[in-house]
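For reference, the structure discussed in these notes is given below.
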2 protein chains.
Amino acid sequence: MNEQAEAAAPKKEPRLDSTLSKGLMVLEALTAAKGAKGVSELSRELELTKSNVFRLLQTLAALGYVQATEDKLYRATLKTWQVGRAVVENFNLRDVAGSAMQMLSTKTGEAIYLAVQDGLNVVYIDKIDSTQPIRSWNPVAGTAPIHCVGTGKAILAASYGRMRERMIGNLTKFTDRTITSIKFLDEEMAATQGRGYAIDTGEFRDRIRSFGAAISLPDGEVVGALGVSVPEINLEPGDQERICDLVKMAAESVTHRLQQI
Amino acid sequence: MNEQAEAAAPKKEPRLDSTLSKGLMVLEALTAAKGAKGVSELSRELELTKSNVFRLLQTLAALGYVQATEDKLYRATLKTWQVGRAVVENFNLRDVAGSAMQMLSTKTGEAIYLAVQDGLNVVYIDKIDSTQPIRSWNPVAGTAPIHCVGTGKAILAASYGRMRERMIGNLTKFTDRTITSIKFLDEEMAATQGRGYAIDTGEFRDRIRSFGAAISLPDGEVVGALGVSVPEINLEPGDQERICDLVKMAAESVTHRLQQI
DNA sequence: AAAATATGTGCTGAATAATGGAACAAATGA
DNA sequence: TCATTTGTTCCATTATTCAGCACATATTTT
């Protein structure tokens with residue numbers, strides 16, 4: 001059957017490296033295991049020979065992905081976790097968030113920001129300029145304090161449990177509206193969590209409002225935020241609510257898109 | 001060394017499967033990359049032949065670890081992240097927390113619990129029984145509502161940003177002291193975050209107090225909590241503060257030990 | 001335009017490298 | 001005590017991976 005091989009196989013499946021497949025099978029089996037597993041157990045479970053499993057484990061151990069316990073059992077190490085985390089950290093949010101930002105821009109005409117957390121600040125990793133004559137003006141790669149802009153407050157609200165302590169004593173005042181007491185921040189974060197988006201009423205720059213919503217991974221971990229920044233003078237009645245809803249929706253769509261990548 | 005075996009080779013290094021090594025090299029290179037990478041680029045970077053890299057990518061793609069973009073570039077998928085996450089989720093906290101629990105037991109004599117989150121509850125995955133004549137009595141694998149026991153409140157406080165909304169309407173009342181309003185819970189969580197440990201003043205079982213502190217990963221993610229449960233009648237003045245400090249210290253030591261595994 | 005240099009992908013023969021089974025020592029349980 | 005079961009080593013066999021080339025597209029340079 002040199003010519004056709006398989007008549008009912010419409011897609012030619014590429015031959016794949018069995019050693020790599022088996023090695024990853026072993027690794028997955030270990031990561032999915034509650035405790036440590038032995039060679040024989042894995043060999044039965046994966047239907048591989050003992051010597052094969054043993055050898056795969058040796059190389060996985062040499063590479064640091066698994067570790068042998070004193071009683072000859074093997075468990076996955078945190079290196080596997082770290083490698084996985086790198087995916088998330090190096091993810092190009094710009095690509096994923098691009099269309100959502102574009103949507104926000106066309107529907108609001110104001111400046112759109114994509115921000116990630118960096119310590120007690122947010123860093124803007126992408127932006128779309130406002131099309132309005134009166135603009136706000138943060139550059140890409142610029143930073144802003146996390147406690148007083150929309151994107152920052154959205155991110156902060158989602159990780160407030162871990163961040164709260166670090167905020168104490170770091171609530172620098174920028175305008176009259178800046179939140180400078182931890183008590184008020186507690187309340188503001190609770191409100192933000194309830195709404196699902198954050199509002200900055202000119203707390204960083206006078207008369208510049210901004211609104212933000214967080215972007216998160218399948219497990220809820222926050223990786224960034226979308227935000228709209230708009231001079232108060234551009235705001236007609238009802239605009240703020242409309243923009244906030246848009247930002248929230250946009251962030252949700254990015255979050256959703258992240259799930260399937 | 002009857003004959004000679006290794007004159008200059010002190011450690012015999014086990015031969016390791018090259019395909020698996022190379023495949024993981026490719027995967028690591030992709031996870032560490034800011035954006036997507038092409039076959040040729042990887043081939044140069046890792047000093048492998050193009051056809052070799054191509055094949056490895058094919059199998060990694062077939063297994064779901066990487067994905068080809070429309071323009072023939074490859075990027076790591078969230079599957080890599082998920083596999084890594086499983087390590088953390090299935091990590092045997094018992095092993096790591098064991099000695100800290102033992103320390104807590106000998107220093108307090110009360111019941112020690114190790115808990116992880118499960119939805120709106122905590123599950124006790126390990127315990128050391130009280131040595132006191134009057135005991136509290138939660139079994140291993142037992143559960144308790146997250147909003148009214150020490151371990152649960154400690155975990156909740158650390159992830160309150162993501163959890164707050166889910167708590168609304170789920171604040172079941174168990175005793176007169178149970179927190180049933182979201183407003184009070186907000187305040188209690190803020191206080192807990194400030195202290196670094198949680199206090200349950202008989203909010204789940206009458207006259208049974210419990211104290212808890214969260215255990216977290218290198219990046220701050222919470223994976224569980226240590227707790228001490230003690231009948232009020234056993235508490236002398238000053239005991240509560242002492243126990244709380246112990247619990248906090250114990251949880252910190254487990255957190256620290258987690259870093260290096 | 002056209003040539004030149006990239007790129008990713010498909011073959012194929014050659015041989016390397018992974019394989020499975022047997023054999024081993026060391027625990028473990030009957 | 002023997003009988004299993006464990007992890008580990010070894011080795012001949014061969015199936016598997018590999019490098020190199022060929023080819024089709026892009027992209028860039030001339």
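Every chain is numbered from 1 and lettered A, B, ... according to where its sequence line falls, protein lines coming before strand lines.
Straight-line distance from the NZ atom of A:Lys72 to the P atom of C:dC24: 19 Å, rounded to whole Å. If you measure from atom CG of A:Leu73 to atom P of C:dT28, you get 11 Å, rounded to the nearest angstrom. Summarising the geometry, the separation between CG on B:Leu48 and P on C:dT16 is reported as 18 Å, rounded to the nearest angstrom. The distance from atom CG of A:Asp17 to atom P of C:dA17 is 14 Å, rounded to the nearest whole Å. Separating the CZ atom of B:Phe54 from the P atom of D:dT17 is a distance of 15 Å, rounded to the nearest angstrom. Rounded to an integer number of Å, the gap from A:Gln58 CD to C:dT19 C1' is 16 Å. If you take CG of B:Leu57 and P of C:dT7, they are 14 Å apart, rounded to a whole angstrom. Rounded to whole Å, the distance from NZ on B:Lys37 to P on C:dG8 is 12 Å.
Between A:Asp95 and B:Arg75, at least one side-chain nitrogen of the basic residue sits less than 4.0 Å from a carboxylate oxygen of the acidic one, meeting the salt-bridge criterion. A salt bridge is absent between B:Glu221 and A:Arg162; no separation between the charged side-chain nitrogens and carboxylate oxygens falls under 4.0 Å. Between A:Lys79 and B:Glu28, at least one side-chain N (NZ, or NE/NH1/NH2) sits under 4.0 Å from a carboxylate O, which counts as a salt bridge.
A:Lys50 contributes no side-chain N or O that forms a donor-acceptor pair with the base of C:dG20 under 3.5 Å. Between the side chain of A:Ser51 and the base of C:dG20, a donor-acceptor pair under 3.5 Å is found.
For the OP1/OP2 pair of D:dT17 and a distance below 4.0 Å, the side-chain nitrogens and oxygens of B:Arg55 include at least one atom meeting the criterion. For the pair B:Asn52 and D:dT17, the criterion of a side-chain N or O lying under 4.0 Å from OP1 or OP2 is not met. Regarding contacts with the backbone of C:dT16, every side-chain N or O of B:Ser18 stays at 4.0 angstrom or more from both OP1 and OP2. OP1 or OP2 of D:dC18 has at least one side-chain nitrogen or oxygen of B:Thr19 nearer than 4.0 Å. Between A:Tyr74 and D:dT6 there is no side-chain N or O to OP1 or OP2 distance below 4.0 Å. Note on A:Lys22: a side-chain N or O is less than 4.0 Å away from OP1 or OP2 of C:dT19. Listed pair A:Arg44 / D:dT6 meets the phosphate criterion, a side-chain N or O lying under 4.0 Å from OP1 or OP2.
Residues A:Val39 and A:Leu20 both approach DNA chain D. Their nearest nucleotides, taken by heavy-atom distance, put A:Val39 toward the 5′ side.
At distances below 3.5 Å, not a single donor-acceptor pair connects side-chain atoms of B:Ser105 with backbone N or O atoms of B:Gly109.
Shown here is A:Met249, whose CE atom has no more than 12 heavy atoms of other residues, nucleotides or ligands within 6.0 Å.
Taking every side-chain heavy atom of A:Ser40 into account, D:dT6 is the closest of C:dT7, D:dT6, C:dA18.
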